[in-house]
Structure formats: C-alpha cells, structure tokens
Asks: 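This is the structure I have questions about; it appears just below.
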Amino acid sequence: MNKIFLLVTLALTSYANDTIIQPKKCEIIKLSNFTTLVSCNKLDYIVQTKESRRDDEDNMKKITVLSEKDNKIIINK
C-alpha cells in the first residue's frame, strides 16, 4: 500500500511540474568570444567575461541589465 501511495504521489508531482511551472523562454546570442546577449521577457542582459588565469578564478567581468527605460550594471569587476 505504501509503495502504491508513493508511486501515485511521484506521478502527480511530476505531472504538476510539467503543467504548472512555465519555464522562461530566453534567447542567447553570442556576440563575441567574451560577450553574450541574453534576452528574457522584457529584460536584456549583456554578459562580459574575461579569460581567467587560474581555474579557481571567476571569469565574470561585467553584467549589464538593459530595459526600455534604464540601464544598470549589476556586476563590475
């Protein structure tokens, strides 16, 4: 009985995840080796990276959010 209940619960959970949660539809355009444009809903993100010298070093340089009214820099290293 417990196995059947567990299987039914898992089946309902997976069905609900597929039908209720709507993933964001984003478009990714690689502008150059170190610059990428990501467009999601009404916001655009310009992601600039750098070549890291070490494996443990973060390669993120700058993230800029572009909207219809304003441009904001989120990360600037």
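All residue numbers in this chain count up from 1 along the given sequence.
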Asks: To check you understand the geometry: which heavy-atom pair defines the closest contact between N76 and I73, and what is its length?
Replies: CB-CG2, 3.8 Å
Asks: Find out whether V47 and M60 are in side-chain contact, i.e. whether some heavy atom of one side chain is under 4.5 Å from a heavy atom of the other.
Replies: yes
Asks: When rounded to the nearest 0.5 angstrom, what distance separates NZ in K50 from NZ in K61?
Replies: 8.0 Å
Asks: Would you compute the distance between atom CD of E68 and atom CG of L43 and round it to the nearest 0.5 angstrom?
Replies: 9.0 Å
Asks: Under a single-linkage definition using a 4.5 Å side-chain heavy-atom cutoff for Ile, Leu, Val, Met, Phe, Trp and Tyr, are V38 and I75 assigned to the same hydrophobic cluster?
Replies: yes
Asks: Kindly compute the distance separating CD (Q48) from OG1 (T36), expressed to the nearest 0.5 Å.
Replies: 9.5 Å
Asks: Are I46 and L31 linked, directly or through intermediate hydrophobic residues, by side-chain heavy-atom contacts shorter than 4.5 Å (ILVMFWY only)?
Replies: yes
Asks: Are I28 and L66 connected into the same hydrophobic cluster when the rule is that any two of I, L, V, M, F, W, Y join if their side-chain heavy atoms are below 4.5 Å apart?
Replies: no
Asks: Calculate, to the nearest 0.5 Å, the distance between atoms NZ and CD1 belonging to K62 and I74 respectively.
Replies: 12.0 Å
Asks: Would you please name every residue forming a side chain to side chain donor-acceptor pair (under 3.5 Å) with T64, sequence neighbours left out?
Replies: none
